[in-house]
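Let me begin by presenting the structure, written as structure tokens, before commenting on it.
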Amino acid sequence: MKLRALFLLMVALLLAGCGSAAQPTATTRPTVVNATSAVPTSGSPVEPPRLITDFAMPSSTGGTLGLKDFKGEPTLIFFGYTYCPDICPATLAEFKTVKRALGEQGDDVNYVFISVDAARDTPERLNEYVSAFDPSFVGLSGTSETLKPIAKDFNLRATMYENPNDPENYPVEHTAAAFLLDKDGQLRMVYAYGTPGDVLAADVRHLLTASP
Amino acid sequence: MRRGWLLILLLLIGCGGPAGTISVEDPWLRPTGPATATGHDGHNSAGNSAAYLTIRNGATADRLLRVETDDAASAEVHETIIVDNVARMEPVGALEIPANGSVELRPGGYHIMLTDVRRQLAVGESVEITLVFEHAGEVQVQASVQELGGAQ
């Protein structure tokens with residue numbers, strides 16, 4: 001009799017144990033883990049607007065481009081490097097969203113990806129990289145020397161780290177914000193990583209309509 | 001009664017198998033350009049890519065120990081960490097998957113970093129990736145290549 005009670009208890013325990021393993025009860029609140037914070041819903045205005053120092057870098061379009069070449073139209077800028085697999089493509093994808101959201105007006109904007117890693121990012125490589133997003137996107141190949149004039153304007157950070165396992169594939173710590181300049185080359189907005197393209201598009205549209 | 005103890009034995013065996021408690025959803029990865037360069041492993045290289053997915057877990061806490069694929073020189077779980085608008089990437093040794101919880105790998109957070117992808121990844125193609133968990137063992141997924149600018 002004692003044995004029978006033990007037997008029933010064991011069956012009950014095992015069934016209970018298996019049941020909870022197979023399906024969490026409805027009252028259990030699932031834990032969602034991810035490394036990102038909330039999506040930013042707006043950019044940070046730069047007050048007063050900050051005139052950017054002129055610069056000159058080899059361009060994916062051939063030749064050298066500088067600030068004066070982008071004046072006359074609003075300009076979106078992101079700093080990164082083509083070996084960056086995560087946030088650089090994610091941000092250029094948002095730029096693509098901006099262009100799409102603006103419709104025809106999207107052609108009246110410069111979309112510029114400035115590489116902080118000229119050693120690997122030649123103009124040719126940059127051309128392949130940015131063209132995959134949109135043929136009108138421009139890539140600039142920056143060195144520490146050519147980035148120096150604008151480093152303070154953008155609070156720019158770029159640090160290369162060694163990768164002993166794969167020396168060619170070194171990671172780069174870099175500024176991950178997106179920047180919006182007006183047609184006069186003044187910095188107007190700074191966007192934290194992850195700001196949706198629609199938010200950027202609304203600000204660009206505002207600049208385009210405010211300045212005929 | 002003897003048949004009853006057999007039942008207990010069967011229940012014990014049933015409980016022993018943790019497989020099936022982990023599920024992987026929505027695996028996708030970024031396209032690449034042509035594989036015109038040479039990677040550090042000597043194969044053709046189309047540059048780097050990143051894969052994203054969501055891991056859902058059952059009642060047993062688990063850990064993602066490593067990831068494998070034949071289509072890149074290396075595959076590692078990395079985390080993008082952004083502090084004061086400056087981003088860096090750090091390898092994640094073992095990714096903790098909480099019991100009854102889920103972990104999202106998504107842009108700007110955890111991702112599977114693929115270095116020196118060996119062929120051009122065009123939209124619509126897929127890449128087989130094996131996730132190796134401490135308890136659940138190997139889980140194979142087919143990650144689809146999705147358009148740049150879509151999917152988010």
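In the text below, chain A, chain B and the rest are named by the order of the sequence lines, each starting its count at 1.
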Answer key: most heavy-atom pairs under 4.5 Å with chain B among A/Arg157, A/Glu173, A/Glu128 is A/Glu173
- Message: Test your reading of the model: is there a side-chain donor-acceptor pair from A/Asp86 to the backbone of B/Gly108, 3.5 Å cut-off?
- Response: yes
Applying a strict 4.5 Å limit to non-hydrogen atoms, the region of B/Thr54 in contact with chain A is neither
Are any of the side-chain heavy atoms of A/Pro85 and B/Met89 separated by less than 4.5 Å?
-> yes
Applying a strict 4.5 Å limit to non-hydrogen atoms, the region of A/Val172 in contact with chain B is backbone
Okay, A/Glu168 and chain B: the region with an atom under 4.5 Å from a heavy atom over there is neither
Is [X] atom [atom1] crowded by more than 12 heavy atoms from other residues, nucleotides or ligands, each under 6.0 Å away?
X: B/Gln142; atom1: CD; result: yes
X: A/Glu47; atom1: CD; result: yes
X: B/Asp70; atom1: CG; result: no

Disulfide bond (SG atoms under 2.5 Å apart) pairs touching residues 78-162 of chain A, sequence neighbours excluded, are A/Cys84-A/Cys88
Among residues 44-51 of chain B, those lying within the under-4.5 Å heavy-atom range of chain A are B/Gly47, B/Asn48, B/Ser49, B/Ala50
Heavy atoms of A/Ala90 and B/Arg30 approach each other most closely as CB-NH2, 3.4 Å
Ranked by heavy-atom pairs below 4.5 Å to chain A, first place among B/His111, B/Met113, B/Arg88 goes to B/His111
To the nearest 0.5 Å, what is the distance between [atom1] on [X] and [atom2] on [Y]?
X: A/Tyr191; Y: B/Asn85; atom1: OH; atom2: CG; value: 13.0 Å
X: A/Asn155; Y: B/Asp84; atom1: CG; atom2: CG; value: 9.0 Å
X: B/Glu90; Y: A/Tyr161; atom1: CD; atom2: OH; value: 9.0 Å

